[in-house]
Enquirer: 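Got a structure here, written out as structure tokens. Questions coming.
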Amino acid sequence: MKLDGVPLNLDVTLCCGQVFRWDKKGDWWYGVAGGKALKVRQVSGELEFANADAKFVETYFGLDDDLQEISAAVGRDEHIRQALREFWGLRIIRQDPWECLISYICATYKNIPAIRHMLLSLSSKFGEKTVLDGMEFFTFPAPEKLAGATAKDLLECGLGYRAKYVLETSKRIFENDFELASLRQLPYEQAKKQICRFAGVGPKVADCVLLFSLGKTEAFPVDRWIERVILNHYVEKLPPELAQKLNQRVGLTNSDYAKLNLFGREYFGEYAGYAQEYLYHYERMKT
DNA sequence: TTCCAGGGAGTAT
DNA sequence: ATACTCCATGGA
């Protein structure tokens, strides 16, 4: 597939912490999406792929997002512009909402290597095996599979206290035949309120699901790294008492979260989620 | 060994 | 509404 001047940096996009189940072997990235294993690689202005159709690849990697327009919209200061330059071509991937929801419930209070380990364990234990290029891959387990798991099964995958949240949320989705994708049709605030009703889901997890799987580019997830970014570069734009609280590195209350989240959305605008992901990766790569 | 992690829920004010 | 506490595990 010719990219025809469409900026894409596959390496950054797949390793910046928005998706957890892609691996690079040689110059190919291998992953499982759309229910099967596929591989993609980028060769000078061309995106090559196998075991997937072009339409899926285009949608999954968000190639229809106009990165130039997004960059112009969010490039409000020198710091974000530096992040945009450094990691130009990073795109927000359109993940499957179900996998995304479970992934970010698991992601709470964990670092990325540990999250990858949990999701790999879950998939190999409850997913369907599939083979590509002689290597084994596993689809992400369907709601039915996780809803039927025991707490012990999930604990063995390393989920810890998250096991009961994954179990409870899986049961609700499976038993009610809940269609997460239908939340796309709701405006940001309403969709967020609905997602927050699931066990183990608060405002941060909800923002991740909205941004990474439901097309809400205005979502602005605030985690420890983004707190750090705001503290180091945007603190003067906050109310003094919130700035001081951020300085003390104490846990955020829901109202603190709402204020930081609102700052991001108002300052960066309708593509705040893109700004967030560039800033997040930039901050993580600094140390 | 100690600290920290893509936070959220439960409980007491 | 707000503050405080606990949570289960593994990477650095």
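Heavy atoms only: backbone and side chains are in, while hydrogens, waters and symmetry mates are out. All chains are named by letter (A, B, ...) in the order of the sequence lines, taking the proteins before the strands, and each is independently numbered beginning at 1.
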Enquirer: Figure out the NZ/C1' separation between A/Lys164 and B/dG10, and round it to whole Å.
Expert: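 Computing the A/Lys164:NZ to B/dG10:C1' distance gives 10 Å.
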Enquirer: Please name the pair of heavy atoms, one in A/Glu227 and one in A/Val222, separated by the smallest distance, quoted to 0.1 Å.
Expert: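 Nearest pair, atom of A/Glu227 first, then A/Val222: CG-CG1, 4.1 Å.
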Enquirer: I want to verify a distance call: between B/dA5, C/dC7, B/dG8, whose nearest atom is closest to the A/Tyr161 side chain?
Expert: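 Closest of the options to the side chain of A/Tyr161: C/dC7.
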Enquirer: Among C/dA3, B/dG6, C/dA8, which nucleotide sits nearest the side chain of A/Tyr109?
Expert: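 Comparing C/dA3, B/dG6, C/dA8 against the side chain of A/Tyr109, the answer is C/dA8.
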Enquirer: Hey, can you tell me if A/Phe178 and A/Phe198 have their rings parallel, tilted or perpendicular (30° and 60° cut-offs)?
Expert: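 It falls in the perpendicular class, over 60°.
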Enquirer: For DNA chain B, whose closest nucleotide is more 5', that of A/Phe212 or that of A/Val201?
Expert: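 Mapping each residue to its closest nucleotide by heavy atoms, the 5'-most match is A/Phe212.
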Enquirer: Between A/Leu211 and A/Thr217, what is the shortest heavy-atom contact and its length?
Expert: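 Shortest heavy-atom contact: CD1-CA, 3.9 Å.
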Enquirer: Given atom CZ of A/Arg162 and atom P of B/dG8, what is their separation to the nearest angstrom?
Expert: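 In whole Å, B/dG8 P lies 11 Å from A/Arg162 CZ.
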Enquirer: Quote, to the nearest angstrom, the P distance that separates C/dA8 from B/dT11.
Expert: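 Looking at atom P only, C/dA8 and B/dT11 are 14 Å apart.
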Enquirer: Counting only side-chain N and O atoms of A/Ser255, is one of them less than 4.0 Å from OP1 or OP2 of C/dT2?
Expert: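 It does, given that an N or O in the side chain of A/Ser255 lies less than 4.0 Å from OP1 or OP2 of C/dT2.
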Enquirer: Closer to the 5' end of DNA chain C via nearest nucleotide, is it A/Asn111 or A/Thr108?
Expert: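 With A/Asn111 and A/Thr108 compared, the 5'-side residue is A/Thr108.
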Enquirer: Can you check the distance between C/dG11 and B/dT1, where both ends of the measurement are the C1' atom (answer in whole Å)?
Expert: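 My reading of the C1' atoms in C/dG11 and B/dT1 gives 14 Å.
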Enquirer: Please determine, for B/dG10, whether a Watson-Crick or G-U wobble partner exists with both distances under 3.5 Å, and give it or none.
Expert: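 In the structure as shown, B/dG10 has C/dC4 as its Watson-Crick or wobble partner.
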Enquirer: According to a strict under-4.0 Å criterion, is A/Arg228 in side-chain N/O contact with OP1 or OP2 of B/dA5?
Expert: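 Result: yes.
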Enquirer: Provide the closest heavy-atom pair for A/Ile92 versus A/Gly273 in the form atom of the first, atom of the second, distance.
Expert: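 In terms of heavy atoms, the two residues are closest at CD1-O, 4.1 Å.
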Enquirer: Can you label the angle between the A/Phe263 ring and the A/Tyr267 ring as parallel, tilted or perpendicular, going by 30° and 60°?
Expert: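 A/Phe263 and A/Tyr267: parallel rings.
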Enquirer: Which of these, A/Phe212, A/Tyr104, A/Phe140, sits in a ring pair (Phe, Tyr, Trp, His ring centres under 6.0 Å) with A/Phe20?
Expert: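 Only one of A/Phe212, A/Tyr104, A/Phe140 forms a ring pair (Phe, Tyr, Trp, His ring centres under 6.0 Å) with A/Phe20, namely A/Tyr104.
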Enquirer: For the side chain of A/Lys245, counting heavy atoms from C-beta on, which of C/dA3, B/dA5, B/dG6 is nearest?
Expert: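 Side chain of A/Lys245 sits closest to C/dA3.
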Enquirer: Hey, is the side chain of A/Lys204 poking within less than 4.0 Å of OP1 or OP2 on B/dA5, counting only N and O atoms?
Expert: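 Checking B/dA5 against A/Lys204, no side-chain N or O comes under 4.0 Å of OP1 or OP2.
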Enquirer: Considering every strand and a 4.0 Å limit on heavy-atom distances, what is the contact class for A/Gly17: base, sugar-phosphate, or nothing?
Expert: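 Base contact.
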Enquirer: Between B/dA9, B/dG7, B/dG6, spot the one nearest the side chain of A/Gln276, thanks.
Expert: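 Looking only at heavy atoms from C-beta outward on A/Gln276, the closest nucleotide is B/dG6.
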Enquirer: Taking CG from A/Asn254 and C1' from B/dA9, how many angstroms apart are they, rounded to a whole number?
Expert: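 Rounded to whole Å, this separation is 10 Å.
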Enquirer: Between C/dA3, B/dG7, B/dG6, spot the one nearest the side chain of A/Phe20, thanks.
Expert: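 The answer is B/dG6, which lies nearest to the side chain.
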Enquirer: Would you indicate what A/Glu277 reaches in the nucleic acid, counting non-hydrogen atoms under 4.0 angstrom: base, sugar-phosphate, or nothing?
Expert: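 Base contact.
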Enquirer: Under the criterion of centre distance below 5.5 Å and interplanar angle below 30°, is A/Tyr280 classified as stacked on the base of B/dG6?
Expert: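 Ring-base stacking flag set for A/Tyr280 and B/dG6.
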Enquirer: Using atom P of each nucleotide, how far apart are C/dT5 and B/dG6 to the nearest Å?
Expert: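 It works out to 24 Å between them.
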Enquirer: In whole angstroms, how far is the P atom of B/dG8 from the CZ atom of A/Arg224?
Expert: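 It works out to 11 Å between those atoms.
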Enquirer: Rounded to the nearest angstrom, tell me the gap between atom CD1 in A/Ile112 and atom P in B/dA5.
Expert: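 Rounded to whole Å, this separation is 12 Å.
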Enquirer: Please report, rounded to the nearest Å, how far the C1' atom of B/dA5 is from the CZ atom of A/Arg284.
Expert: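 From A/Arg284 CZ to B/dA5 C1': 10 Å.
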Enquirer: Could you tell me the separation between the CH2 atom of A/Trp225 and the P atom of B/dG6, rounded to a whole number of Å?
Expert: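 Distance check: A/Trp225 CH2 to B/dG6 P gives 6 Å.
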Enquirer: Report the distance from atom OH of A/Tyr104 to atom P of B/dG6, rounded to the nearest whole Å.
Expert: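 Those two atoms, OH and P, are 11 Å apart.
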